[in-house]
Every structure is written in C-alpha cells, then in structure tokens.
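Below is one structure; the comments refer to it alone.
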Amino acid sequence: MNRRFFLKDFGASVGSGVGGMALASLFAGRSQGVEHHVPKAKRIISLFMHGGPSQIDLLDYKPKLKEMHGQELPASVRGEQRLTGMTSSQASLPVTSSLFRFKQFGQSGTWMSELLPKTGSMADQLCVIRSMHTEAINHDPAVTLLQTGHQQPGRPSFGAWTSYGLGSDSEELPAFVVLISRGSAARPADPLYARLWGAGFLPTNHQGISLRSSGEPVLYLRNPSGVTEAMRRHQVDTLAQLNRRAADRELDPEIDTRIAQYEMAYRMQTSVPELTDLQNETAETLAAYGPQAQQPGTFAANCLLARRLAERGVRFIQLYHRGWDQHYNLPSDLRLQCGDIDQPCAALLSDLKQRGMLDETLVVWGGEFGRTTYSQGKLELTNYGRDHHGRCFSMWLAGGGIRPGVSYGETDDFSYNVVRDPVHVHDLNATLLHLMGMDHRRLTFRFQGRDYRLTDVAGQVVQPIVS
Amino acid sequence: GLGYYGALDEFRILARSTDEHVAKSWTDSELLLGILKREKGDRLSSESQALTDFFIANEATPEIRQAHSDLQAAKRQQRAARGAIATTLVMQERKEPRSTFVLLRGVYDARGEEVKPAVPAVLAPTGVATRPDRLGLAQWLTSKDHPLTARVAVNRFWQICFGEGLVRTPNDFGTQGESPTHPELLDELAVRWMHSGWDMKQLLRWIVTSATYRQSSQGTDESLKKDPENRWLSRGPRFRLSAELVRDQALAVSGLWATKVGGPSVRPYQPEGVWEAVSYNAEDSYQPDRGEGLWRRSLYTYWKRQAPPPALQVFDAGTREKCLIKRPRTNTPLQALVLLNDPTYLTAASALASQSLSQFPTKGQRISAMFRQVLSRWPESIELQALSDLHDREIAILKNSPQLVQELTSATVTNATSAGATMTNSTTVPRPVGSTAVDLAAYTLVAHTIMNLDEAITRR
C-alpha cells in the first residue's frame, strides 16, 4: 500500500497531536517493519576498531610463535598470497611472537592478552571469533566491505539496512547513530568517510547521523543566537498553521510529513541535549567507564553515550575508534589504543547487564582485518610492526542472543590461515541480521533491476554461536 | 614521537657560547667548499645554483644584484602567467591500437580472448559504427536511427521540469526499467529534438510552454484518487526543490545573491569540525569565505567528497562519488533544522526584512511584500493574519530584550556551535531608515518563517 494513502488519512491527527507510532514511522521513512522471525536482539552496538587491530597481540594466543620468533615465515604457510606493496619489498618476513603475555580469563578460560584485562574480566559474556576472514587488503575497501557488503562504495551501510528493515524505536532520535573517537596512538589515523554510514541507494533518511563531540551534537541543532525557545515555538506553530492550510488546499501528503518533521525537529532540540547531559548518571557509573567518561569525543564517553542511546530506543549505534593501524611501533601504540578501550568496553557490558539490557543488545567488537604474523620493518627486541592481514582476524560478540563464554573458529599456529570454522564478513553480517529478527536473504531493495541485500550474494548464519 | 632520524657530521666543542648564525655560516662554507672541490660537470644543478646564489648575495656588484632580482621577478611573473592558464587533459588515439583481452573473473593477469572495439549488437540495428574508435562511437550515438540517445536525454529534461521523467527509471531504459507513461510523446519529442539540431533551449521551450506543464499543480480529490503519482499528468508538477536550489532561492529572494559567473570554487557557511572529523589528523579545516564567496550559487560550493557540505546533503544532494541520475527526495527533520538554524537562511531573511521595511510603511504591506517575494503570490487574509500575529508575539518578547535584538540584527550572525566561535557575516544587512532594530529583528523572524514554509521550497 502506498505510504501516501496512509499519511493522507493521518493528516488531521498528525497536524494537531503527536502519535508515537505515526511519528516514529515517519522518521524512519519508508521502513518495512520487517520481522521474519522472532528477534533475539532489539539493537546493535558496534564497537568498530578502525585500522585493523592485531589479533596476535590481543585475542589469538599463539604460544608456538615463541619458538619460531625471528625465523623466516615458511612458504607453505604463506601459500600463494600476494603481499601488500608495503611489505613486498622487504628482504625477509620474520615471524614475530607477541611481546605481550596471554592468560585465561573467567570460568570459560578464554585466552586474552594482558592488554585487555578489564575486557577479560567479562570473558564469560563474550563469544570470541578467531576465524574471521576477508578478501580486502586495504582499509577503505575492507571497511566498506564490512559495513556495506561490497568493496566498492555506493551501497547502504548496515545501520541503514537496519533502519530500513525495522524503523526506529524512538520518537525523538534517529534509528542509526554514529560516534567517532580518535585513538591515543600518536600516529595519524586512517581517514573515515561519511558514506560508511550512508544510505547508499536507500532513501536518505536511513543514513547514520553522526553525533559530533565538539559543538552541537547534531549539526544545526541549536537555535541561532537571538532566537529563544519561545520565539522558535511561535515560528513552528505559525508554520504548522500555514502549512496545514496549504495541505487542505493542495492535498499533497508531503505537506503533512513536513509539518510532522518540523515538530520532530523542535523536539530533537530538547531530546538530543538531554541525551548528552550526564547529570543523572551516578558517580559509580561515571567511574566505571574510566577517567575519560566525561570527556566528549573519547571512546569512554562514547560508550556511555551508547548505553544512553540504547535506552532511548536507537537501533544501531556505531562507535568508530580510530588508530589501530600499527604498521610500526606496535608495542607502544597498541598499549595506548587498548588503554583507550579496555575499561569502557567492560563497563559498557557490565552496565548493560546490570540494567537488564544485555540480553537484547548485540555488542560487536572488531576491525576490518587483522595483522600479519611477520614483522613489518625491522624486528627488534622490543619493537615491531605488523602489516594488514585479511586471511584471519578476531572479533568478539556479546549479548543479544549470542552464546556467552565461548570461542569459535581456529587459526593455524602462525595466526596466518583459518583452519577451522571460517567466518567470512558476509557470514558475520548474516548472523547479526538474523539475531535482529531479519533473514539476510529476504531483506532486499530493488535498485537498477536487481534485488540488493547487505550480504550481496553470500553469507550464512553461524548457528553454533547463536544461543 | 618518532625520534631523530639522520646523521651527525661534525662535532665541535667551543670555549664560549655562540649563536646560530655562526653555526650556519660554518655549515654554508663547508657546503660550498665541498661543491667547489667537485668538477663543474659533476655538480648537481642545485649545487651550481647554491654557488651562484652565494656569489650574488656576497660578491656581486649592485648592478648585478639588481639585474638578478629583476630576472627573478620576471621569472615569477612568467610562472604566474603560465599557471593561470587553465589546462585540461584530452585523449588521443594511439597510432597502434592496444590489444585488449577479456579478463577472466576480472583478474588483471588472467587473459581470455582478444576483443576489438564495437557497439552492442542489440542496439545497432542500422548504422554500425564505421570506425572502431571514439569518433565512430560518437557518430553512432548521435545517429538519427539510434533508439536511445535522444529519448534518454529528452526524458532527463522532462524530469527536470516535472520532477519525474516519462520513464520513471531514467537510468534504465531496458527490460528491467519502467515503460514510458507516454511512449508516443517521448518518441515525438525525441525525433523533433534531433531534427532541430539537438537544440536544448528549444526542447525546454516546447516543454514549459505546453499546456501540460502549465496546468495547476493543485490536487483535486478525483485526480488524486485516479492518478495518485501524477503518472498521467492530470495536474501540473509539484515537487521539492533540489538541494542547491533551496539555498539559491534564499539568496535570490533576499537580494544577497552574488551573480558573478565562473571562477574557482567558494566556501559558504558550514558548521565547524565537519572536515576535521574525517581527516587523518584533524589537519583539514574548513574556513568559510568572507564577502561574496558566501553568497554565490550553490553550484560553486567547494565539494569535499569525504565530508560533503552537510546542508546540501540533508536535501539529498548526493556525495558525487557515483553518477546519480535521479536523486531521492526525502522529507526529514534534519531538513527542518537546516532551514531553521543555518545562518544562511537567517541572514537572507534579515536582508529581505530590511528591504521590506525600507519600502513599505505598514505592517500589512511589509508582510505581504515579503510573502510575495518568496512565494510569488499575495497572501490570503488568513495567512496574513497568522503572520501578523506571529510578528506581534515575537515583538512582545523582543521589546524587552535588547540583547536578543542585538544578536538578531548585528552584522555578525553567530551560530552558537562552539563556545566563542562565530561565523562572521561580513555582509552588512543595512538597518532600514526610519525603523528600529526591534522592528528589523521582528520582521526578520517573520521573513524567516515565510522562507520555511513548505511552499517556499516546493515547485508548484
């Protein structure tokens, strides 16, 4: 049924009052209201570690590497894989064991590096996937593949698909929100692109809204100086009155929508500042997220905001933490990066659990690819780097229908190849959609004569990790 | 924090302190002596230049020095003149055509059969390209028998005028696309256009002077029921302006539009921090222009694809990373926020209000004039009453608040984004003679409200 008929009948009530469902569906645009099966998760919080965090130093414990340390990477392990332009000129590819110690955490005995002690303390909530793989080798194609299902840009991002499929759960906030933080590692971070949270060929209202850390959280949110809230209210009221008259005269349903959108904009001017005002957070909560919890633009602050967004019905909350591209100076830089995220990740999980929200919130942690076993640049006693590596990498998931306290998938002794239970990026996305109640094969959009979907023409739900 | 990467050459310990000029002169003289020791033919051009520079600076007569300086100035002028000439790349056929192969599964070194240039057989019933090169392709495309070129183009122009083409999938005239709603009309226009010599102005004239285009866009119950999407063109077109036109319109009605044509891209208002958020190291910073750069057509806005201008994005401008034949037309609260809070629109409203205050004495006339300027019609009495009430309500607040008046009417339009930062508008909105600042503030808000009406950004 055409949305226009729906809105035309609603015309009268929309102008005068604000109905929850009507407004929410208007905001989400032409959403499908899809639910192919009963969902386990109501929302996703994606903690995206941009740059490719090193799995060997964080999540994929390889004790045998110690014996091989410094030796040339065997050709049998490397196989036919081409090297990146950066390392192909290296004279040697020395195997590099991690400088960091690993230990087992929790009752599940999950192996994690000493760089993630607090995350480790939540190990019994996590499902660690060690067999992720992707064919992309550089950042932009890899992130684009993970977010949109294709290495070349132009397709909708995961959050846009979610907004399109499920609409918004909130009357006052968008369905898809993005928060960005810079890492502490001193090097410049690889650039991001607004299209990574774009709507592609879906209607533009499904795109992610990035909340900025300085200035107004949403662009153009604040009244210009000289315009008070009361003055603005008078304007919006007059607009509604005059637009109402036009709607009656011209019978175009778009006018009704516009009246509603102005009302929504007015409400956002209050609801968004309320979101970022941490007054009613307890001191314990703030302390749990760490010393940066109240510093806007940091990962800690964004994690706290993520929980608040989750409480207010946002469906897809995506955090980008930048700076994980440790080609050089890995030991020092990785320490800094982990310092940014370890405590806030644990605090977020624990916070969600305490509020009874973890079971319906899917939390995903990881980057676009992993890093090489061999050192990029000179292998020194206390310093090394690692190049990009797509053949295997690690992620962890928690909450929202994921089996807690388990590990899935295995790599070889070098953390170079997947040897058991591979999980491709498409498989991950299929699984996440599945947990949100959507069949990845049936959530489609016709464009240029083809029914596109997030998982392109691939992807299988990884059943063993679904509880 | 990467430390020092370099080499150490000489290490001298002095009995007294010295300054950097001394150290520099040591370095220089060592360098020059080293160069002199080399054979002339072995020296790099930069090294010979260093010798020349030293000579001119220290040993030459004043005449030589003057001549040298003149020469440098002339060379700079020459470079600048050359640099100002706009250049572009062109393509040229190679003498020997390059062998081209099908690449199996797209792998760059997995060659299949060799192929030669040609046009798709299914589209070339007659007039197969006579030459297998770009000229041949161009001739084939524009041949009078070509079933697609003119029809696709005519459809695009129809889309510009009507919001939707006769074929509603303008990027797909194939079996997966939609059929034309009026196939004979499309064909007729296409043929007529080709025979006119592909005259675009003529084509547009035919379209906009047609009875179809000149119908009223007002819906009636009957036409909405039978023709909800206006496929049968039972009424005139009604659709929201494109992103660029929403802004251009505000500039035009307010008189702030800087009509200069051409030239390099300009930077209008944009909230702070948009570029920093996506750049490597927050080194990319957007500085809005001062003066006329703020008020040029949106066509001239500098476009950074990584973080395109948000005010245009919100109105579906697209990112320009892919060719977009048909933009979506959304209707979102973010658009409302831009129209309500972007300084561009508030300043435009202020300019409009100021003109109105100068030209007309009474409230009714002033509001009507602003209304007509924006919407091209006079207000109905109910509409005039509503806006008049708005004026009264706002002025009641403004009368008691000189601070607000000051902020609304000063030449500096401050967008309260970050503390202390202002986007200064160096366009002074003149205070009309005989009116107070309070008046200007109140009428600014009324003008601003008119510019926010749905009708103000909709073609109808």
Side-chain angles (χ1 to χ4, degrees), chain A residues 2 4-5 8 27 29 153-154 180 182 186 188-195 198 203-205 209-210 212 214-216 218-228 230-232 234-235 238-239 241-243 245-246 249-252 254-255 257-259 261-262 264-265 268 329 448-450, chain B residues 1 171-172 174 176-177 217-219 221 224 228 238 240 271-273 277-281 306-308 310 316 319 321-322 328 330-333 335-338 340-343 346 382-383 386-387 390 393-394 397 404 407-408 413-418 441 445 448-449 452-455 460:
Chain A
N2 197 315
R4 295 197 163 156
F5 288 123
K8 185 167 178 294
F27 203 146
I180 304 175
R182 309 193 80 88
D190 296 287
L192 289 175
Y193 309 88
R195 57 172 154 81
T204 0
N205 44 341
I209 309 298
S210 99
R212 309 184 324 143
S214 63
E216 357 168 66
V218 171
L219 291 174
Y220 301 109
L221 186 69
R222 258 179 245 162
N223 293 342
S225 66
V227 180
T228 64
M231 290 157 77
R232 176 49 55 81
H234 290 319
Q235 279 189 293
T238 309
L239 282 168
Q241 193 186 350
L242 291 172
N243 280 337
R245 198 160 163 71
R249 186 179 57 224
E250 309 212 20
L251 303 179
D252 186 350
E254 287 297 314
I255 309 180
T257 310
R258 198 165 297 284
I259 298 172
Q261 306 299 33
Y262 269 78
M264 171 75 85
M268 277 174 75
N329 298 325
Q448 294 186 333
R450 180 184 149 189
Chain B
N171 54 331
D172 193 343
Q176 301 276 19
S217 63
Q218 196 145 314
D221 277 321
L224 280 169
R238 185 181 205 282
R240 198 203 76 210
E272 293 189 349
V278 295
S279 58
Y280 265 103
N281 219 2
Q306 235 180 309
D316 310 311
T319 57
E321 288 173 323
K322 273 187 145 175
T330 62
N331 195 340
T332 68
Q335 292 169 4
L337 285 177
V338 168
L340 288 171
N341 296 332
D342 186 337
L346 196 63
I382 293 188
E383 293 172 323
L387 288 166
L390 173 67
R393 270 181 251 143
E394 302 288 25
I397 300 177
L404 291 176
E407 285 166 354
L408 261 178
V413 177
T414 312
N415 189 353
T417 47
S418 31
L445 286 173
H448 190 234
T449 307
N452 266 266
L453 284 172
D454 177 85
E455 192 177 329
R460 50 192 277 287

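Heavy-atom distances place both the backbone and the side chain of A:R258 under 4.5 Å from chain B. Looking at B:I397, the atoms closer than 4.5 Å to chain A (heavy atoms on both sides) all sit in the side chain, from C-beta outward. If you measure heavy-atom distances from B:N171 to chain A, the contacts under 4.5 Å come from the side chain alone. Both the backbone and the side chain of A:Q235 come within contact range of chain B, with heavy atoms under 4.5 Å apart.
Taking CG of B:D454 as the reference point, atom CD1 of A:I255 lies at 5.0 Å (rounded to 0.5 Å). Here the CD-CG distance, from B:Q306 to A:L192, works out to 8.0 Å after rounding to the nearest 0.5 Å. A:D252 CG to B:R240 CZ: the interatomic distance, rounded to the nearest 0.5 Å, is 12.5 Å. Here CG of A:L219 is found 11.0 Å from CG of B:N341. Values are rounded to the nearest 0.5 Å. Distance CG/B:L445 to OG1/A:T238: 10.0 Å, rounded to 0.5 Å. With rounding to the nearest 0.5 angstrom, the CD atom of B:E407 is 11.5 Å from the CG atom of A:N223.
Salt bridge present: B:E383 and A:R249 bring a charged side-chain N and a carboxylate O closer than 4.0 Å.
Put simply, the side chain of A:Q261 does not reach to within 4.5 Å of the side chain of B:T330, judged on heavy atoms. Within the 4.5 Å cutoff, side-chain heavy atoms of B:L387 are placed close to those of A:L242. Residues A:M231 and B:L404 are in side-chain contact: their nearest non-hydrogen atoms beyond the backbone lie under 4.5 Å apart.
With hydrogens and angles ignored, the 3.5 Å screen pairs a side-chain donor or acceptor of B:N331 with a backbone N or O of A:E254. The backbone N or O of B:N452 lies less than 3.5 Å from a partner atom in the side chain of A:Y262, making a donor-acceptor pair. Of the possible donor and acceptor atoms, one in the side chain of A:R232 sits under 3.5 Å from a partner among the backbone N and O of B:L340.
Contact count versus chain A (heavy atoms, under 4.5 Å) is highest, among B:G219, B:P308, B:A441, for B:G219.
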